[in-house]
Colleague: 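First, the structure itself, so that you have it in front of you.
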Amino acid sequence: MNTVYLDNSATTKVDDEVLKVMLPYFSQNYGNASSIYSIGRENRKAIEDAREKVAKILNCNSNEVYFTAGGSESDNTAIKGIAYANKNKGNHIITSKIEHPAVLETCKKLEKDGFEVSYISVDENGILNLEELKDSIRPTTILISVMFANNEIGTIQPIKEIGEIAKEKGIYFHTDAVQAVGNIKIDVEKLNIDSLSLSAHKFYGPKGIGALYVRKNVPFVKFIDGGHQERNKRAGTENVAGIVGLGKAIELAYKDLDEHNEKIKKLRDYYVEQVEKRIPYIKVNGDRNKRLPGNSNISFRFIEGESLLLNLDLKGICASSGSACTSGSLDPSHVLLAIGLPHEIAHGSLRVSIGKYNTKEEIDYVVDSLVEIVERLRNMSPLWEEFIENGGNN
Amino acid sequence: MEYTQKVIHHYTNPRNVGKIEDASGVGEVGNPVCGDIMKMYIKVENNIIVDVKFKTFGCGAAIATSSISTEMIKGKTIEEALELKNTDVVNELGGLPPVKIHCSVLAEEAIHEAIADYYRKEGKMTEEEIIKKCKLKEKKECEACGH
Ligand SMILES: Cc1ncc(COP(=O)(O)O)c(C=O)c1O
């Protein structure tokens with residue numbers, strides 16, 4: 001059975017071109033980039049080339065880019081780093097209710113350490129409430145951290161407006177752009193972004209490597225203590241192969257961004273349209289327009305997400321759900337609850353995230369499979385039975 | 001999340017799915033907020049459960065525990081069915097991940113509720129006797145998630 005991979009928001013397949021440029025760094029180019037002999041020096045250069053590539057895409061200076069072990073580390077470094085470095089100025093941080101756990105848990109940790117955090121709500125489409133954001137600003141606010149695009153419902157936030165507000169008030173602005181990089185053009189100058197997190201495995205690069213942009217003169221405390229790597233801001237022998245892979249991946253992603261986006265958006269729209277046409281009693285979650293091109297999130301009423309995923313898996317289809325059983329906690333996704341979905345509808349959500357390797361044939365296969373599975377699970381569902389017995393209207 | 005082959009087998013080919021139109025008793029447990037509801041229909045003749053069907057809204061484990069427990073009580077006397085413990089269901093499935101144990105508890109409770117409903121319809125026992133015999137739990141918050 002073929003695998004139909006539709007979980008590109010979770011991670012992506014490493015592009016062959018990316019893998020090719022990485023491989024030598026596992027074999028002949030194994031030198032430590034801090035060493036002075038040639039196989040070390042060459043690796044230093046490879047790292048700096050990759051840094052240049054990231055800087056060019058973000059429109060920042062290469063000495064404002066730090067390599068990390070991924071999106072979670074970048075978020076931790078930015079938020080904790082900026083918070084601790086600026087705590088003499090204030091102890092208040094603003095974020096949103098729909099952040100990734102890498103941000104939310106970091107903020108919760110800071111709350112235990114004397115910081116105060118405001119979690120701003122979002123509307124029914126998942127767009128941040130800007131008025132609430134403005135109203136929550138205090139004289140002690142030192143940092144605003146709002147994600148660029150959401151990993152579950154794909155909603156893209158009003159980053160430019162948030163950047164303007166932050167700049168006007170003299171508050172540092174960090175954005176978790178892990179889902180956005182590779183999908184959206186980002187200019188940190190134009191958008192007044194002071195710090196940004198990205199992760200290579202979301203744009204056809206390797207896992208376990210990311211980058212953090214921090215604007216020059218924004219003080220932040222080093223997160224991983226040890227050696228002097230990354231201009232003494234992140235200790236640890238550099239993951240040269242990973243860094244080279246990240247550099248290549250970001251370059252490729254932006255080389256044909258418009259083409260890539262057009263292709264996956266078309267497939268996504270086709271998927272949503274087909275599901276809407278062929279399956280009744282569904283709800284499309286997240287903003288229809290301000291969203292990542294490959295993301296779709298649909299709730300299928302009267303059924304539960306994990307059983308949907310298991311049945312899709314039996315057909316070789318990989319996707320994800322915001323149901324409690326898949327979130328690893330006992331509640332469904334905090335994002336779906338934040339956009340006001342009742343629990344039972346949040347339990348029945350399915351995220352299908354399309355990537356550059358997907359085809360229309362795969363989408364047709366998935367929709368056909370969904371029609372069959374949803375019908376079968378509904379026929380098994382007491383909620384559906386009740387709904388039909390009550391005349392099918394509520 | 002690791003499911004045993006037997007669990008996979010039961011959620012892919014659940015036995016006894018459906019509804020019994022002239023059921024002797026119906027039991028429904030769980031709630032949509034937690035993400036699990038089980039509804040069990042039984043047909044009783046001469047104190048024997050001659051038929052049983054279920055409908056479940058829930059995860060793979062919820063479907064598998066419903067399915068296997070219907071198999072385990074079919075053809076049994078009411079007393080034997082009341083003896084069925086959630087741990088028996090788990091064992092029969094070759095185990096369940098710890099976070100899914102509550103699904104087996106729901107299956108046990110659904111059977112008890114269905115039998116209680118049968119006794120109520122029969123009208124020979126007082127509510128107190130039924131609660132005792134069927135070991136009914138008070139309707140309270142879901143132990144697993146607090147809803
Ligand atoms: C929005 C967002 N932030 C952070 C992360 C964490 O990134 P990583 O898996 O590279 O640590 C992810 C990915 O899971 C994400 O989607």
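So you know, we letter chains A, B, ... as the sequences are listed, proteins then strands, and number each from 1. Note that the coordinates shown come from a computational prediction; the quantities given were computed from them, not determined experimentally. Computed from heavy atoms alone, side chains included, the values below leave out hydrogens, waters and symmetry copies.
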Colleague: Which pair of heavy atoms, one from Ser307(A) and one from Gly58(B), lies closest together, and at what distance?
Modeller: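 Closest approach of Ser307(A) to Gly58(B): OG-O, 3.0 Å.
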Colleague: Might you point out which heavy atoms bring Asn379(A) and Val17(B) nearest each other, and give the distance in Å?
Modeller: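 Looking at all heavy atoms of both residues, the closest pair is O-CG1, 4.4 Å.
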Colleague: Using a strict 4.0 Å threshold on nitrogen-to-oxygen distance, state whether Glu385(A) and Lys39(B) make a salt bridge.
Modeller: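 The answer is yes: the pair qualifies as a salt bridge.
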Colleague: Is chain A contacted by the side chain of Ile63(B), its backbone, both, or neither, given a heavy-atom distance below 4.5 Å?
Modeller: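 Side chain of Ile63(B) only, per the 4.5 Å heavy-atom cut-off to chain A.
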Colleague: Answer yes or no: does atom CG of Asn390(A) have more than 12 heavy-atom neighbours from other residues, nucleotides or ligands under 6.0 Å?
Modeller: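 Buried by this count: over 12 neighbours within 6.0 Å.
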Colleague: Where the side chain of Glu306(A) meets the backbone of Gly60(B), is there a donor-acceptor pair that is under 3.5 Å apart?
Modeller: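 At least one qualifying donor-acceptor pair exists.
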Colleague: Identify which part of Ala61(B) has an atom lying under 4.5 Å from any heavy atom of chain A, answering side chain, backbone, both or neither.
Modeller: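 Contact with chain A involves the backbone of Ala61(B) alone.
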Colleague: Taking all heavy atoms of Phe57(B) and all of His347(A), pick out the closest pair and write down the distance.
Modeller: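 In this case the closest contact between Phe57(B) and His347(A) is CZ-CB, 4.4 Å.
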Colleague: What part of Arg376(A) is in contact with chain B, defined as an atom under 4.5 angstrom from a non-hydrogen atom: side chain, backbone, both or neither?
Modeller: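 Interface part for Arg376(A): side chain.
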Colleague: I need the Asp36(B) CG to Glu304(A) CD distance, nearest 0.5 Å.
Modeller: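 With rounding to 0.5 Å, CG (Asp36(B)) is 7.0 Å from CD (Glu304(A)).
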Colleague: Give a yes or no on this: more than 12 heavy atoms of other residues, nucleotides or ligands lie within 6.0 Å of atom NZ of Lys132(B).
Modeller: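 Not buried by this count: 12 neighbours or fewer within 6.0 Å.
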Colleague: So how far is it from Ile37(B) CD1 to Glu386(A) CD, rounded to the nearest 0.5 Å?
Modeller: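 Ile37(B) CD1 to Glu386(A) CD: 7.0 Å, rounded to 0.5 Å.
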Colleague: Taking atom CD1 of Ile303(A) and atom OG1 of Thr56(B), what is their separation to the nearest 0.5 Å?
Modeller: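 The CD1 atom of Ile303(A) sits 13.5 Å away from the OG1 atom of Thr56(B).
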Colleague: Is the number of heavy atoms from other residues, nucleotides or ligands within 6.0 Å of NE2 (His9(B)) greater than 12?
Modeller: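 Open.
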Colleague: Does atom CD of Glu375(A) have more than 12 heavy-atom neighbours, drawn from other residues, nucleotides or ligands, at distances under 6.0 Å?
Modeller: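 Counting neighbours around CD of Glu375(A), 12 or fewer heavy atoms of other residues, nucleotides or ligands fall under 6.0 Å, so no.
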